[in-house]
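Chain A is the first sequence line, chain B the second, and so forth, proteins listed ahead of strands; every chain is numbered from 1.
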There are 2 protein chains.
Amino acid sequence: MKDHYQKHVKALLAVDCIIFGFTQDNLKILLIKRDFEPEKGKWSLMGGFLRPDETLDEAASRILQKLTGLHDIYLDQLRSFSHPDRDPVDRTVSTAYYALINVEEHNKELTKKHSAEWFNIQDIPALIFDHNEMISQAIKRLRYKASTEPIGFELLPEKFTMRQLQKLYEAILGQELDKRNFIKKILSLDVLIKLDEKDMTSSKKGSFLYKFDAEKYDRFKI
Amino acid sequence: MKDHYQKHVKALLAVDCIIFGFTQDNLKILLIKRDFEPEKGKWSLMGGFLRPDETLDEAASRILQKLTGLHDIYLDQLRSFSHPDRDPVDRTVSTAYYALINVEEHNKELTKKHSAEWFNIQDIPALIFDHNEMISQAIKRLRYKASTEPIGFELLPEKFTMRQLQKLYEAILGQELDKRNFIKKILSLDVLIKLDEKDMTSSKKGSFLYKFDAEKYDRFKI
DNA sequence: AATTTAAGTGTATTATTTACATTTAATTAA
DNA sequence: TTAATTAAATGTAAATAATACACTTAAATT
């Protein structure tokens, strides 16, 4: 009987995206300056509302694309946040997603249009609602992920040096790693292809570039 | 401006609970026979709708208590399921939680009242909506959890034998384990207290009972 | 006293992780 | 042209963790 349903409240369904990027040896998150009430002018995660004909995954994907121009991006559902008062305007349950993007590839005009900026994860400002909590959980999740499977394919440019990869891991894990042990470990995973090319920007000697072997990388996906 | 909100659809917010228990060396899930439409008479997870004044966590807790009489139970949010057509009556987003309970402690009259029954995880029947998918993801998550932190405090009776603990791990991981290696490993985690008492029901010699050291166990919580 | 049953126990091997310092290739400056 | 500079590249020993594997023991039953 429909009654069983109708006595229950409905709520707005939102999606918020924690967009991770990696530049200048730092793990960063893309935040926007809100251009609408409530909390207009404050920093927040990029978000939006669920549409009648889409899943939450699709909504997250759409919202990510709206801000970055990117599609087919790594996106993972973090969890749903549901405190009755989290949004002062109306009861809204928000499902947080985290995305890993290659900073070089995103559409900078789009992010500029949304007044978006990259923040080091150590320097996240006070955000609206429960967005700081969302970020904190996303970082935790990313750390966990990095310790159990290879990561970086999504965050690094196509070709990268060992040093870049190590710096990425150090930024995610929040700790320094031994260079020799790191290389030994990452090579043992057998997901990298060493190229004949060198990156000459970082040293006189130059350092070899690597790329990920997509098939071998995917074996690790849980 | 409120407009930014009002043009968006609202949906019903549901919670579904994957309730794990362990009896007769088997990992089981508690399912109910639905006593209301749609899909009345079919097996399903225990669920309910979010109330205006509670969080999803609280709703899951309330729903779990309604069925089992238990409170202060281990509950973890799995993820939200949002396919537009997942519930034929009305757009409903459901957030799945999994719970670990001690089967001996739940209120059997309550479960009987809800026509609830325990099913081995190998023998889950066809369920309504996307509930089979929820279970499949919950088992995956439980396996992952079991491989990274001690588990069992919530699923076993207060006092248990090494054999029971091993059988629990075998049921969760879906594979047999070597007795000596298992004991070595679990003792090295330093979360067990060996009691002077023996369980005499399983053998002539009897086997020592253990209990968990709650404080040491909690160190492993992520 | 012999048999039965599950509990309880140890060691050797292999794999993984950790700690740690020097050499090399190329450019720049003297 | 030689020396100095810079980051890249490389290996080994020790410690820890994971795996494979089989016999002895305690108590009850026959």
What residues form a side chain to side chain donor-acceptor pair (under 3.5 Å) with [X], not counting sequence neighbours?
| X | result |
| --- | --- |
| A:Asp25 | A:Arg163 |
| A:Glu215 | none |
| A:Arg62 | A:Glu54 |

Restricting to nitrogen or oxygen on both sides, can you table the protein-nucleotides 28-30 of chain D pairs closer than 3.5 Å?
none

Between B:His106 and B:Trp118, how do the two ring planes meet: parallel, tilted or perpendicular, split at 30° and 60°?
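Perpendicular: the ring planes of B:His106 and B:Trp118 meet at over 60°.
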Distance check needed: [N] [atom2] versus [X] [atom1], whole Å only.
| X | N | atom1 | atom2 | result |
| --- | --- | --- | --- | --- |
| B:Gln164 | C:dA6 | CD | C1' | 14 Å |
| A:Ile186 | C:dT18 | CD1 | P | 14 Å |
| A:Leu177 | C:dT17 | CG | P | 13 Å |
| A:Lys198 | D:dA7 | NZ | P | 15 Å |
| B:Gln166 | C:dG8 | CD | P | 12 Å |
| A:Leu187 | D:dA9 | CG | C1' | 12 Å |
| B:Met162 | C:dT9 | CE | C1' | 12 Å |
| B:Tyr210 | C:dA7 | OH | P | 12 Å |

Considering heavy-atom distances to DNA chain C, does B:Phe208 or A:Gly206 have its closest nucleotide positioned more toward the 5' end?
B:Phe208
Please report the interatomic distance CZ(A:Phe20) to CD1(A:Ile29), rounded to the nearest 0.5 Å.
4.5 Å
Report, as yes or no, whether the 6.0 Å neighbourhood of atom CD on A:Glu109 holds more than 12 heavy atoms from other residues, nucleotides or ligands.
no
Apply salt bridge (charged side-chain N to carboxylate O under 4.0 Å, His left out) to residues B:Lys167 and B:Glu170 and explain how you reach the verdict.
CA-CA 5 Å; B:Lys167 289 290 175 188; B:Glu170 290 179 341; 3.6 Å; yes
Short side-chain to backbone donor-acceptor contact, B:Asp178 and B:Asn181, under 3.5 Å:
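Confirmed, B:Asp178 side chain pairs with B:Asn181 backbone.
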Enumerate the side-chain hydrogen bond (donor to acceptor under 3.5 Å, both in side chains) contacts for residues 68-85 of chain B, please, sequence neighbours excluded, ordered by first and then second residue.
A:Asp57-B:Arg79, A:Gln77-B:Arg79, A:Arg79-B:Gln77, A:Ser80-B:Ser80, B:Tyr74-B:Lys145, B:Asp76-B:Tyr98, B:Gln77-B:Tyr97, B:Ser80-B:Thr95
Under 3.5 Å between N/O atoms: give me all the protein pairs with nucleotides 17-21 of chain D, atom names plus distance.
from	atom 1	to	atom 2	distance (Å)
D:dA18	OP2	B:Lys185	NZ	3.2
D:dT19	O4	B:Lys184	NZ	2.7
D:dA20	N7	B:Asn181	ND2	2.9
D:dA20	N6	B:Asn181	OD1	3.2
D:dC21	N4	B:Asp178	OD2	3.2
D:dC21	N4	B:Arg180	NE	3.4

